[in-house]
Amino acid sequence: MTTGWTREQIAARTAQDIPNGSYVNLGIGIPELVAKFVPEGREFIYHTENGLLGMGPPPSENERDLDLMNAGKKYVTAVPGAAYFHHADSFSMIRGGHLDVCVLGTMQVAANGDIANWSTGEPGAIPAVGGAMDLVQGVKQIFVVTQHITKTGEPKLVERCTYPLTGVGVVSRVYTDLAVIDITPEGFRLIELAPGVSFDDVKNKTGAQVLPPDIPPTDGA
Amino acid sequence: MTTGWTREQIAARTAQDIPNGSYVNLGIGIPELVAKFVPEGREFIYHTENGLLGMGPPPSENERDLDLMNAGKKYVTAVPGAAYFHHADSFSMIRGGHLDVCVLGTMQVAANGDIANWSTGEPGAIPAVGGAMDLVQGVKQIFVVTQHITKTGEPKLVERCTYPLTGVGVVSRVYTDLAVIDITPEGFRLIELAPGVSFDDVKNKTGAQVLPPDIPPTDGA
Amino acid sequence: MINKVCPSVAQAVADIPDGATVMLGGFGASGSPIELIHALIDHGAKNLTVINNNTGNGEVGLAALIGNGQVRKMICSFPRSSQSKVFPEYYKAGKIELDLVPQGTLAERIRAAGAGIPAFYTPTTVGTVLAEGKEQREFDGRTFVLERWLKAEYALVKCDTADPLGNLTYNKTARNFSPLMCMAATTTIVQVGRLVDRGGIDPEHVVTPGIFVNRVIHVPEPVHEDTLIAEGRCYP
Amino acid sequence: MINKVCPSVAQAVADIPDGATVMLGGFGASGSPIELIHALIDHGAKNLTVINNNTGNGEVGLAALIGNGQVRKMICSFPRSSQSKVFPEYYKAGKIELDLVPQGTLAERIRAAGAGIPAFYTPTTVGTVLAEGKEQREFDGRTFVLERWLKAEYALVKCDTADPLGNLTYNKTARNFSPLMCMAATTTIVQVGRLVDRGGIDPEHVVTPGIFVNRVIHVPEPVHEDTLIAEGRCYP
C-alpha cells in the first residue's frame, strides 16, 4: 500500500540535501516549507528575486512592513546580515550562477531534466512567467518538489513535457510524495523511497522509465 | 598681431557655453580650469568616472582623504548632495547619455568631428586609453579645449586626424587660444575670435578650411 | 542652485502625451507610485504603453489606469495575481496588448537602456516558446538569446528619501525596478515621502544618483496600494 | 552559523595557483588591496593574468607583483602614470603582455561576467584601432562593437566595513571596480578595515551582498599605496 511523504515531509527531505551555507531561492507552495526544516547545524540564506538576500520568516501583525515582501508578494522579514538591492542586481545573482539551490514546484518534469511550470499553454489563458525562466537557467542546482501525480492521476514525471517549457535540461533532482529521483544522463534514477512506497509504486506512477538506484535502496516498507 | 586667450580665458569662455544645471565631466589640463569659471547664477555638477557625482575643489592638506580622488588621481572633495557609485554605474552615466557636457583636451581634432587624444601611435609607446573612448561616445556634447597649434607650430585642427582616433564625428565645438569654432556638417565654422585675433590668423593656423560665421563676428582687434 | 522639486503630482505628469511609453516602478504593491499614477489618470493621457513587473491589483493604481482605458499595451513579466481583475478582463476582451518578458530579462533590458547597451545575450528563455523568433547564438558552448534595451519616455517612481538634486533612497523591497527605470527613461518623475536638504543623504547611501532624476514631488504621506485594496477603494 | 572570516591574508591567498587570472580592486592607489597583494607576492604564484584599471605605482602593491616577475599579462585601461616605472620597464623588455581595454568597457565586461551576460554591444571604440578585428553591428542606425564577459578565478578586494557573511561597504572613490570584481570571480577574497557583527551593516547600505564574497580577512589598519610611495617604500 502506498503511503509516502506529506508536503512537510517532502520539504524536510529536500532540506537534507542542501549544504550548510547555501544561498537558496524557494518557489511558492511546497518549496516555501523547506525553510521550516533546516537541518540542525546548518544555515541557509534565502534570496527573494524582488531584491532581498537574507529573507526571514513571516512577520507578526505588528512588525509588518508593507514594503517588505517576497516574490510571492507575501510579507516577510529580513534577518540580521540581510541586504536589499535592485532587480538587475538580484537577477545578476540568479543569472550569474551565484545562487546554490533553487527549489521549485512544477506541473511537469521530464526524464531529460526539462521543466514546465509556468503555463498550461491553453488558448485564452493569460501567460505569466515571472522569474521562473531566469531561475532555472541561472541557479547552480534546480530541485523540483511536487506531488508525484496530478489530482486527476496523471503523472507529473514524464518522458517529455507536453506543457510549454520553462527550461531545457535544467533539473538536478526531484522530490515527490513517493520518492527522491535524480535526473541522470540515462534519465530518471531512483535515489530513495518514501516510507511504505515500493519501487513498483513509483514506476507505475511515473510517465517514463525509472532506473534503479546505483546503490540498492533500503525498502521503504 | 596675434594675442588671443590664455589657458584660463579659454576655460572661462568654454564655461559660458555650459547651461545651468549641466552634468559635466572635465578632462585633465585646461578642461579642469573650467570649474573655476562657472558663470554667475549657474551651477554645474561634476562627474568623475572613478565613481563620484558632485566632485568639489581640491582639499586642503588636513581635509585630504586618500580614498577620495578624481580620474586624474588627484585628491578632491565631495560637495553636499554628492553620490558615490561603482565603475559600471559610473560608465552607465557616460555611455547611457546622461552627462550633458564633456570638456576634453586633444592632440588633434578634425573638421568632421573626429578626435585623437589618446595615443601618438608611435611604435614602442605604451598605449593608455582610460575612459576617453567611452566619454566621446556617450556624453551628449563633446567640447574640445586646446591650443590652436602645437609647440612646434603644427595645426591641431586638421582636415583628417593622423594620430589614432579616440572617436569618430563626436566633437561639437572647439575652444582654442585663438577662437571658438563649431564642427558643422560643412566642417569647421568660426563662431568667435579671441581679442586681437583676426579671421586670417585663424585660417592660417588651421589645417583645414574654416568657414566664416553664419553671423559675421565682431573683429577681435 | 539646481532644484528639481516640482510643486504637485498633477504638474509633474502634465506633459505626458498620448501614446507615450511609461515605466512604473514597483513590484506588486511594493514601491508602486500610487499618487503619480492617480495623477496620470486625472491627466488622462491615452494609448499608453506601460512597463511594470505586473498589471495592478484591485481598482487602484495601475489597475485603475488600465480600467480607465488609458493603456494600449502592457510590457510585464507577471500579469496574474489573486487580486488582479481589471487586466484579465481587458485582455480577454482584446482591449489591451501583452508583451510578456521574463522578470530578469525585463530588469536587464531596462538597465541596458540606462547604461547605453543596445543589446545583450542571456541564457533565459533558451528552448522555450518565449525565445521563438529571437536571434540565438553560442558562446563558450552554451546557447544564448539576444535581447534589446527597453527605453521609455517617462518613468514614474516612488522613493523613500530624496534631496532637491534628485538623489534617492528606497525602503526595503520597494526598491525593486525603480533605480533601473530612473536610468532608462528620458524624463524620470519621482514621488518622495521624505524630502531632505542637500547633504541630507550620505553620499555612500545614495541608491539613485540625481543625474537620473528630472522631477521630484513631495508626497509626505503616500497611500499604499495594499491599504487601498484592503479598504476596497477604487480610483477615481 | 556561516562565517567567512579567514585568519590571515597569507591563508586567504594560499590556494591561488600559477597561471590564475586575478582581478585586483582599486583605481590607482584608491582601493588597492595592498596587504592581499603583498601576501600574493609572498605566496609566489607565477604566470598570473592580472585585471586592474592600471599597472601599479612605485615599487609596492601591483607594481611590486609585476616587479617580482609573477605577472604574465595585464588587462587594464591605463598602464601609464607618473609614478609607474615597473610596468613600462617590463613591457618594453617584452616581459609582460598588455591587453588594453577602455575603462567603461572593462567595467561592463566584468559586470557582465558577474551577471551571467556572455556578451553585449557597446558604442565605445567604434571607428578606432581598438575595434579592429571585433564584430560590429548596427542597432537603430548606429554601429556598436560586440564585447565578451571578463571572468577571473580570483578577486582580491579592499573594503571599508564587512560582516562575517561578507556583506561589504567601501570608502568614497575606493569603491570603483571592487563591487564588480566581487561578482565576476569564482573566489572573492576581501580585506576589511572594520569587521562588524551580523547586523552591523544596515541592509539598505550594503554595496556588495555577501553572496559575492568567499573570504573576509580583517586588516585593521591597512597601509595606503600613496603613503608607501610617499615614504619611498618597496616590497618585499
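Any value given below was found using the heavy atoms of this structure, including those in side chains, with hydrogens, waters and symmetry copies removed. So that the names make sense, note that chain A is the first sequence line, chain B the second, and so on, each numbered from 1.
- Looking only at side-chain heavy atoms (C-beta outward), D:V129 and B:W118 come within less than 4.5 Å of each other.
- Using a 4.5 Å heavy-atom threshold, the side chains of B:V168 and D:V126 count as separate.
- Looking at B:D89, neither its backbone nor its side chain comes within 4.5 Å of chain D, counting heavy atoms on both sides.
- The candidate from D:T124, D:N171, D:T105 with the greatest count of non-hydrogen atom pairs under 4.5 Å with chain B is D:T124.
- Of all non-hydrogen atoms in D:L150 and D:A113, the two that sit nearest each other are O-CB, 3.2 Å.
- For B:L66, the parts lying under 4.5 angstrom from a heavy atom of chain D are both the backbone and the side chain.
- Of the listed residues D:P102, D:G104, D:G127, D:A107, the one with more heavy-atom pairs under 4.5 angstrom with chain B than any other is D:G104.
- Most heavy-atom pairs under 4.5 Å with chain D, from the set B:I94, B:L165, B:V76: that is B:L165.
- Partner of B:Y175 under the side chain to side chain contact (heavy atoms under 4.5 Å, CB included) criterion, out of B:T146, B:V145, B:I30, B:V144: B:V145 alone.
- In this structure, chain B has no heavy atom under 4.5 Å from any part of D:R109.
- Contacts of D:P123 with chain B are made by both backbone and side-chain atoms, with heavy-atom separations under 4.5 Å.
- Of the residues listed (D:N214, D:V157, D:V9, D:I217), the one engaging D:I189 in a side chain to side chain contact (heavy atoms under 4.5 Å, CB included) is D:I217, and it is the only one.
- Only the side chain of D:N54 comes within contact range of chain B, with heavy atoms under 4.5 Å apart.
- For D:T173 (side chain) and B:D67 (main-chain N/O), a donor-acceptor pair under 3.5 Å exists by modelled atom type.
- Taking a cutoff of 4.0 Å between a charged side-chain nitrogen and a carboxylate oxygen, D:K134 and D:E147 qualify as a salt bridge.
- Across B:D114, B:L135, B:V129, B:V136, the residue that shares the most heavy-atom pairs under 4.5 angstrom with chain D is B:V129.
- Between D:V207 and D:L168, the closest side-chain pair of non-hydrogen atoms is not below 4.5 Å.
- For chain D, the nearby part of B:F91 is the side chain; its heavy atoms alone come within less than 4.5 Å.
- Heavy-atom distances place both the backbone and the side chain of D:F27 under 4.5 Å from chain B.
- For the options D:I110, D:T55, D:L100, heavy-atom pairs under 4.5 Å to chain B are most numerous at D:L100.
- Only the side chain of D:L98 has a heavy atom closer than 4.5 Å to any heavy atom of chain B.
- The residue among B:P164, B:G131, B:P127, B:S119 with the most heavy atom pairs within less than 4.5 Å of chain D is B:P127.
- The side-chain heavy atoms of B:Y46 and B:T48, taken from C-beta on, include no pair separated by under 4.5 Å.
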